[in-house]
Amino acid sequence: MTRARDLGVPLPGRTGEHNALTDVPGVEIGYTTLVEGESVRTGVTAVLPRGRADFAVPCAAGTYALNGNGEMTGTAWLAETGSLTLPVLITSTHAVGACHRGVIDWVVRERPDVAAEWLLPVVAETWDGYLNDSTAPTIHSGHAVAAIDAAGGGVPEEGSVGGGTGMTCYGFKGGTGTASRLVSYGDDEYTVGVLVQANFGSRHELTVAGARVGLELSADNPMEEAWSAPSGAGSVIVLVGTDAPLLPGQCTSLARRVPLGLARTGTTGSHFSGDLFLAFSTANPGALTSRFPRTTEAEYENLRFVPWGRLDPFFEAVVQATEEAVLNALFANEEMTGHRGHRVPALPRTPWRP
């Protein structure tokens with residue numbers, strides 16, 4: 001698997017061990033990848049902020065939408081409580097319902113006591129209809145369950161895997177990418193990790209480490225030459241995770257920095273692109289619960305958090321990791337042909353030249 005740094009792309013910041021969202025302790029990622037025949041190029045990505053064992057323990061979380069031409073379920077409840085539980089899934093636009101059901105099925109199997117109250121899973125999507133027959137009922141709830149079951153730590157796959165299987169980015173093969181940054185805070189060190197499902201951008205916009213390479217790579221662009229959708233249509237989902245102790249509102253502020261990282265790769269934000277972001281903190285376990293009261297006694301919860309005035313290094317980490325995650329999604333890929341013979345080339349992998 002080739003990544004941006006392998007090619008000498010100069011990118012700022014200190015990365016975690018795996019340069020991935022899984023560098024945040026406890027985070028697990030799993031995939032179901034479906035490539036069958038000529039018209040199935042799709043899948044499901046599962047992210048478990050606290051891993052399987054503690055999936056029901058809330059995380060502080062917040063969301064932000066740069067452009068709302070997309071879907072991320074569960075955000076009304078998340079906005080109400082600032083609390084995220086359950087695996088987060090990313091998939092194809094028309095598979096949101098199947099994946100939503102799949103999360104419920106998985107929780108019923110694993111923890112029927114948790115399922116007995118109510119479940120509002122977060123499922124997000126981008127549209128893979130250029131390479132995949134997106135209107136076919138290919139993805140079912142079992143594929144979502146399988147992605148959650150496959151989740152683990154370590155170095156996650158990138159490129160055409162999971163929900164990113166059929167996605168495109170800047171007119172090249174896109175999909176799943178990830179990166180991380182380390183942030184020193186006094187005597188402590190925290191990790192900020194990012195995972196993107198990249199399906200956005202016009203070829204001429206593509207920028208790598210400040211260089212407008214898309215202008216030089218205008219040839220062989222079948223999506224713009226023979227496709228009815230406007231250039232730049234698609235969508236991007238970005239998940240940001242950290243072990244730094246943050247308030248829900250501070251997680252929202254991290255999510256609002258994601259577009260700055262996307263912009264470094266060139267995008268100006270298409271009306272036809274659903275750009276939706278979620279950030280969570282795995283600190284403060286046991287806080288922000290919303291379960292039914294178990295006693296008539298008064299209860300209190302506590303949150304420890306980084307002061308607002310000390311967040312700038314974390315914002316910088318989000319921007320840097322987002323940029324690199326998009327580039328990793330591009331460089332990890334190979335050319336793909338899919339539905340109705342549609343073809344998408346891969347971004348050329350040559351040693352980087354400024």
Side-chain angles (χ1 to χ4, degrees), residues 1-23 29-31 33 35 41-43 45 47 90 126 128 131 150 152-182 193-201 203 205-223 234 236-239 261-262 264-267 320-338 343-354:
M1 182 174 70
T2 303
R3 312 184 81 190
R5 287 173 184 260
D6 299 331
L7 298 171
V9 178
L11 294 162
R14 294 186 302 128
T15 72
E17 178 183 2
H18 305 304
N19 194 13
L21 178 57
T22 48
D23 288 329
I29 298 173
Y31 303 117
T33 301
V35 178
R41 306 285 188 273
T42 194
T45 298
V47 175
I90 319 175
T126 63
D128 56 13
L131 289 168
V155 182
E157 293 182 81
E158 292 175 290
S160 295
V161 293
T165 301
M167 305 304 169
T168 62
C169 187
Y170 292 114
F172 292 111
K173 187 66 192 69
T176 303
T178 188
S180 69
R181 291 295 185 273
L182 299 177
V194 167
L195 182 136
V196 304
Q197 185 161 296
N199 190 54
F200 67 99
R203 175 72 64 84
E205 295 177 321
L206 176 60
T207 303
V208 178
R212 298 285 301 278
V213 299
L215 297 173
E216 303 175 17
L217 299 171
S218 58
D220 192 18
N221 190 359
M223 289 190 71
V236 56
I237 302 297
V238 182
L239 305 183
L262 296 178
R264 288 188 177 189
T265 69
T267 183
Q320 292 178 351
T322 299
E323 176 189 17
E324 185 165 359
V326 172
L327 297 180
N328 285 338
L330 286 163
F331 282 118
N333 258 300
E334 304 290 343
E335 179 175 301
M336 180 177 284
T337 300
R343 181 183 65 86
V344 178
L347 178 65
R349 289 199 293 256
T350 58
W352 178 248
R353 54 177 178 77

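We use all heavy atoms of the structure for the numbers below, so side chains are in, but hydrogens, waters and symmetry mates are not. Because the structure is a prediction, the values reported are computed rather than measured.
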Closest contact, heavy atoms only, [X] versus [Y]:
X	Y	answer
G266	T207	CA-OG1, 3.7 Å
T22	G153	CG2-CA, 4.2 Å
E335	V344	CG-O, 3.2 Å
A321	A179	O-CB, 3.5 Å
N333	G175	ND2-N, 4.3 Å
L262	T265	O-OG1, 2.6 Å

Could you tell me the separation between the [atom1] atom of [X] and the [atom2] atom of [Y], rounded to the nearest 0.5 Å?
X	Y	atom1	atom2	value
T165	M336	OG1	CE	6.5 Å
I237	Q197	CD1	CD	7.0 Å
T337	L131	OG1	CG	8.0 Å
R5	F331	CZ	CZ	12.5 Å
E205	L215	CD	CG	10.0 Å
M1	N328	CE	CG	7.5 Å

For the residue pair [X] and [Y], establish whether any side-chain heavy-atom pair is separated by less than 4.5 Å.
X	Y	result
L330	V208	no
N199	D128	no
E323	V9	no
T126	F200	no
R203	M223	no

* Determine, stepwise, if the pair Y31 / T176 fulfils side chain to side chain donor-acceptor pair (under 3.5 Å). => CA-CA 10 Å; Y31 303 117; T176 303; 5.0 Å; no
Test item: [X] side-chain N/O and [Y] main-chain N/O as donor-acceptor pair under 3.5 Å:
X	Y	value
R181	P12	yes
T178	L21	yes
S180	G16	yes
Y170	L347	no

* Asked: Are M167 and V196 close enough, and set up right, to give a side chain to side chain contact (heavy atoms under 4.5 Å, CB included), and what steps lead you there?
  -> CA-CA 11 Å; M167 305 304 169; V196 304; over 6 Å; no
* Structure fact -> The salt bridge (Lys or Arg N to Asp or Glu O under 4.0 Å) partners of E334 (sequence neighbours excluded) come to R349
* To do: Any pair with a residue in residues 152-179 that passes salt bridge (charged side-chain N to carboxylate O under 4.0 Å, His left out), sequence neighbours left out, goes on the list, sorted by first then second residue, please.
  =>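 Only R3-E158 qualify under salt bridge (charged side-chain N to carboxylate O under 4.0 Å, His left out).
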* Check T45, V161, T42 against T33 for a side-chain contact (heavy atoms from CB on, under 4.5 Å) and give me the one that passes. =>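 Result: among T45, V161, T42, V161 is the only option passing the side-chain contact (heavy atoms from CB on, under 4.5 Å) with T33.
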* **Test log, rule side chain to side chain contact (heavy atoms under 4.5 Å, CB included), inputs V326 and V236** => CA-CA 10 Å; V326 172; V236 56; 5.7 Å; no
